[in-house]
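Input: a single structure, listed below in structure tokens.
Since this is a predicted model, take the numbers as computed values, not measurements.
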Amino acid sequence: MADAARAEAGQGELERLRCLRALERKLLWLSAWTIHHANHLRPHSDGLKVGGHQASCASVVTLMAALYFDVLRPEDRVAVKPHASPVFHAIQYLLGRASRDALERFRAFGGAQSYPSRTKDGDDVDFSTGSVGLGVAMTLFASLVQDHLRSRKLVADDAPPGRMIALVGDAELDEGNVFEALLEGWRYQVRNTWWIIDYNRQSLDRVVQDRLGQRIETLFGSMGWDVEVLKYGKRLEAAFRGPGGDALRRWIDGCPNSLYSALVYKGGAGWRDALLRDLGGDAGLRELLASHDDADLHALMTNLGGHDLETVLEAFHRASGDTPTCFLTYTIKGYGLPFAGHKDNHAGLMTPEQMESFRAEQAVPEGAEWEPFAGLDVPEASLREFLASVPFARQTQRRHATAPIPVPRTLALRHAARASTQEGFGRLLAELARSGGPIADRIVTASPDVTVSTNLGAWVNRRGVYNRLTQEDLFRRENVVSAQSWEVSPGGQHFELGIAENNLFILLAALGLAGPLFGARLLPIGTLYDPFIARGLDALNYACYQDARFLLVATPSGITLAPEGGAHQSVSTPLVCMGQPGLLAFEPAYVDELAVVMRFALEHMQAPDGGSVCLRLSTRSLEQPEREMTPELADAVVAGAYWAIEPTGEAPLALVYMGAIAPEAFAAHAALAADLPGIGLLAVTSADRLHRDWRAAQAERAAGRAARRAPIEALLARLAPEAALVTGLDGHPAALSWLGAVGRHRVVSLGVESFGQSGDLAALYRHHGLDAEAWIEAAARARLDAIAAGGRA
Ligand SMILES: Cc1ncc(C[n+]2csc(CCOP(=O)(O)OP(=O)(O)O)c2C)c(N)n1
Ligand SMILES: [Mg+2]
């Protein structure tokens, strides 16, 4: 009986492998065909290359078949290496989750995307990829976020956690951000993370350095990861045990990557020549060669671990604990395709003739190229049954919907008569931390080693630093007095990161997707110095690209940082943030404006059609206006501008300022108003918002819809057409100079166009032309300009 049961189980296992092998072949076919179809069979109007990466796909089909059709569970999440997008979509197609139409329109408008995209692909992409290295790090941070949610009981912790898995191109490991993430992961004891390295030893241009594999092993080992090396498949392992096996193993172990690749390309006869040349004296090896024809020999010599389904399955199933694991899987770029191993194969496409022989080889009948099961040696019914039973295909919700967290109508704020927006930010958060409630519980902050200097200290004192493991504050135990009493515990709400801005942004991406990924909404707030946005800019773009929602607080900013020096003074960030899709940038001057904007941000981050928000704040302490924040004023602050001093219809001039240089604009206004009564002073809180709404209103009018006026159009309509504008901000002047186009006013724009330097504010504002004098001179120039253009004096 037991024997019969065992025999049946064995039979089942064989059947499972047969199905998996058939599907693995189908993935190779479908990915190659999808790319071929896009390039050769779909009509193109513009003559531009379509592209796609048949070779990059071929090297991961075994790994991906094993994962998706056997190993993955629905709660697991995967970042697929960007160039394997067609394999991913083919898998979704076979599972009935992507349409044939999406595949037929691969890289066409509305079709499957060139690189997997959470937001644009119709099927279930967990993490977008495209910029190499970022998706890899994303899995690590997603795992930290999963732990965070479980530690804080924001999600149930009775079911097993998901594994966060990256399929990593080996050249992705050239990207520094991967190592920055590894180190942070080590600090946070990352777990449940797999990085499966597609070690095809080729990047775009070249074959990689020999012995890189050993470096990778050592590196991951030293970071506390398990490393599983999948070098050889079952066939090669068996050959190593047979005649000539030892010599063969030594030879292949010592074979330089380039030679191996070249021989893969040359095929059986090439292998035979090389082995005879190097090992011809070994009788066993000659025996081995004699027992293999060229095709067999090629199959044997290319039987690497990453292409051997059984080897891959065993390794994946062996990794059962939660220790982060790097699978170094040896593969061949273009495996099974005519350009396998060729160093120039990255963007290589099979010719129509090559594709035709490949079709014949795969036994796919002409006209049945898109058929899911054509040409396979397993009956369709068995494959369908098998696919319906794979664990990953279980019907569960993989994208969670979460209810918004209610935001209070106003954010309470106490501030001194003089304050900076950065201080105001700290106080607002501290007040939220103190008053509690759902909003405060869902805020999670993060900062790359600038927590104190961006004013998050008070928040952290109340809400604690997060770590899976509680850590005692030894300074406190030893009675060393400090303003920072940071308790480190699983309940903490602040991620204290090392100084790697890439990590901040990728963590924000993961925190900002906590709702859809794990089913608990978080409200992430990240702080950093404004100039260092540039350091992590691609990662910031990556976070926005997949519609992660967060609030970014960039402070201090601009030359207003003054004595602290040129290297910390940001110039172009207002433009950078304006240009970033998915991120709305504000630069309030006063703390009451900041409170309104932060409240708006907490809602905007949660709105279905909302996005992330960036605040550019300053350390300059300003006299705060004594005023009531009326609903009208609050709306205007959120819309991006209001008249701080109303103009009269006759006024020949208005000054327009944004951010911390408000006092200079006010002083200039006071000086000018003596001669030019009625001139206006426009306070801009968001050039970005103004610009977006202006563009949207133009588009609506162009489409013939209701003639809505954008807020900035309404504001500038208060000026006579011949009036001039002087705009200014502590940043690149282009952020505001476009205002002249709105109502066709003449503009002189002030701002910073060269690197900052150390100095006091007066010296720097003079040097860069931002002091009151500069505003007054600019006003004179603007008026002369306007007069020359036919306006009135
Ligand atoms: C940040 C970034 N730089 C450059 C590229 C262009 N690029 C695309 S793939 C690639 C090489 C990838 O090699 P590897 O990761 O080994 O993937 P393979 O195609 O070998 O699987 C490069 C340089 C990119 N996508 N992202
Ligand atoms: Mg590679």
Side-chain angles (χ1 to χ4, degrees), residues 175-177 179-181 183-184 420-423 425-426 446-457 496-508 526-543 552-580 583 585-589 614-622 658-661 664 687 728-736 749-771 774:
E175 291 286 0
N177 85 276
F179 302 96
E180 294 174 8
L183 197 57
E184 201 63 64
S420 71
T421 44
Q422 178 176 310
E423 270 169 57
F425 163 70
S447 188
D449 203 26
V450 289
T451 299
V452 175
S453 48
T454 55
N455 258 288
L456 273 180
E496 179 64 17
L497 299 172
I499 327 170
E501 286 73 15
N502 273 310
N503 283 343
L504 171 72
F505 291 126
I506 303 176
L507 174 62
L508 288 176
T527 68
L528 85 169
Y529 293 177
D530 192 53
F532 303 129
I533 284 183
R535 176 67 79 101
L537 195 49
D538 196 27
L540 169 61
N541 180 60
Y542 176 70
L552 186 66
V553 178
T555 180
S557 58
I559 58 166
T560 302
L561 179 62
E564 291 197 66
H568 283 29
Q569 293 166 344
S570 55
V571 175
S572 59
T573 41
L575 291 179
V576 165
C577 293
M578 251 178 119
Q580 177 59 56
L583 186 72
F586 287 84
E587 187 166 350
C614 172
L615 305 181
R616 190 171 189 250
L617 304 185
S618 173
T619 40
R620 184 182 186 192
S621 194
L622 301 187
M658 179 162 77
I661 52 149
E664 283 63 35
L729 73 150
D730 177 359
H732 198 280
L736 289 178
S749 40
L750 306 180
V752 181
E753 285 175 299
S754 55
F755 292 116
Q757 47 193 305
S758 304
D760 61 18
L761 267 190
L764 292 187
Y765 282 1
R766 181 83 294 253
H767 177 73
H768 289 281
L770 279 172
D771 59 5

| request: Could you tell me whether E753 atom CD has more than 12 heavy atoms of other residues or ligands within 6.0 Å of it? | output: yes
| query | With side chains defined as the heavy atoms from C-beta onward, is the minimum distance between Y529 and P556 less than 4.5 Å? | reply | yes
| request: Measure the acute angle between the ring planes of F532 and H568, then classify it against the limits of 30° and 60° as parallel, tilted or perpendicular. | output: perpendicular
| Between atom CG of D530 and atom CG of L617, what is the distance when rounded to the nearest 0.5 Å? | 9.0 Å
| field | Donor-acceptor under 3.5 Å (R620 side chain, A660 main chain) | value | yes
| Is the backbone N or O of T555 less than 3.5 Å from a side-chain atom of T454, with the two atoms forming a donor-acceptor pair by type? | no
| query | For the residue pair V571 and S754, what are the closest heavy atoms and their distance? | reply | CG2-O, 3.8 Å
| remark: Correct closest heavy-atom pair for L729 and A735 would be CD1-CB, 3.9 Å
| So do E496 and D449 actually touch side chain to side chain, heavy atoms under 4.5 Å? | yes
| From CA spacing to verdict: side chain to side chain contact (heavy atoms under 4.5 Å, CB included), T619, E423 | CA-CA 7 Å; T619 40; E423 270 169 57; over 6 Å; no
| field | L537 side chain near F505 side chain, heavy-atom distance below 4.5 Å | value | no
| said: Looking at S453, is its backbone amide N or carbonyl O close enough to the side chain of Q422 to form a donor-acceptor pair, meaning the two atoms are under 3.5 Å apart? | reply: yes
| Taking the side chain from T421 and the backbone from S618, do they hold a donor-acceptor pair closer than 3.5 Å? | yes
| request: Identify which one of L504, I499, L540 satisfies the side-chain contact (heavy atoms from CB on, under 4.5 Å) criterion when paired with L528. | output: L504
| query | How long is the span from the CZ atom in F586 to the CE atom in M658, to the nearest 0.5 Å? | reply | 11.0 Å
| said: Before you tell me yes or no, could you show the steps for L583 and C614 under side chain to side chain contact (heavy atoms under 4.5 Å, CB included), namely the whole-Å CA-CA distance, both residues' side-chain angles and the distance that decides it to 0.1 Å? | reply: CA-CA 7 Å; L583 186 72; C614 172; 3.9 Å; yes
| Where is the tightest heavy-atom contact between G751 and L770, given as atom of each residue plus distance? | N-CD2, 3.9 Å
| Does any non-hydrogen side-chain atom of I533 lie less than 4.5 Å from one of C577? | yes
| Do you know the tightest heavy-atom contact between L764 and S758? | CD2-O, 4.0 Å
| query | Under 3.5 Å, side chain of Q569 to main-chain N/O of A562, donor-acceptor pair present? | reply | yes
| query | Okay, side chain of E184, backbone of G498: is any donor-acceptor separation there less than 3.5 Å? | reply | yes
| note | Taking every heavy atom of R616 against every heavy atom of D730, the minimum-distance pair comes out as NH1-O, 2.7 Å
| note | Taking every heavy atom of S447 against every heavy atom of T527, the minimum-distance pair comes out as OG-OG1, 2.9 Å
| said: Looking at N503 and P448, would you say the former's side chain and the latter's main chain have a donor-acceptor pair under 3.5 Å? | reply: no
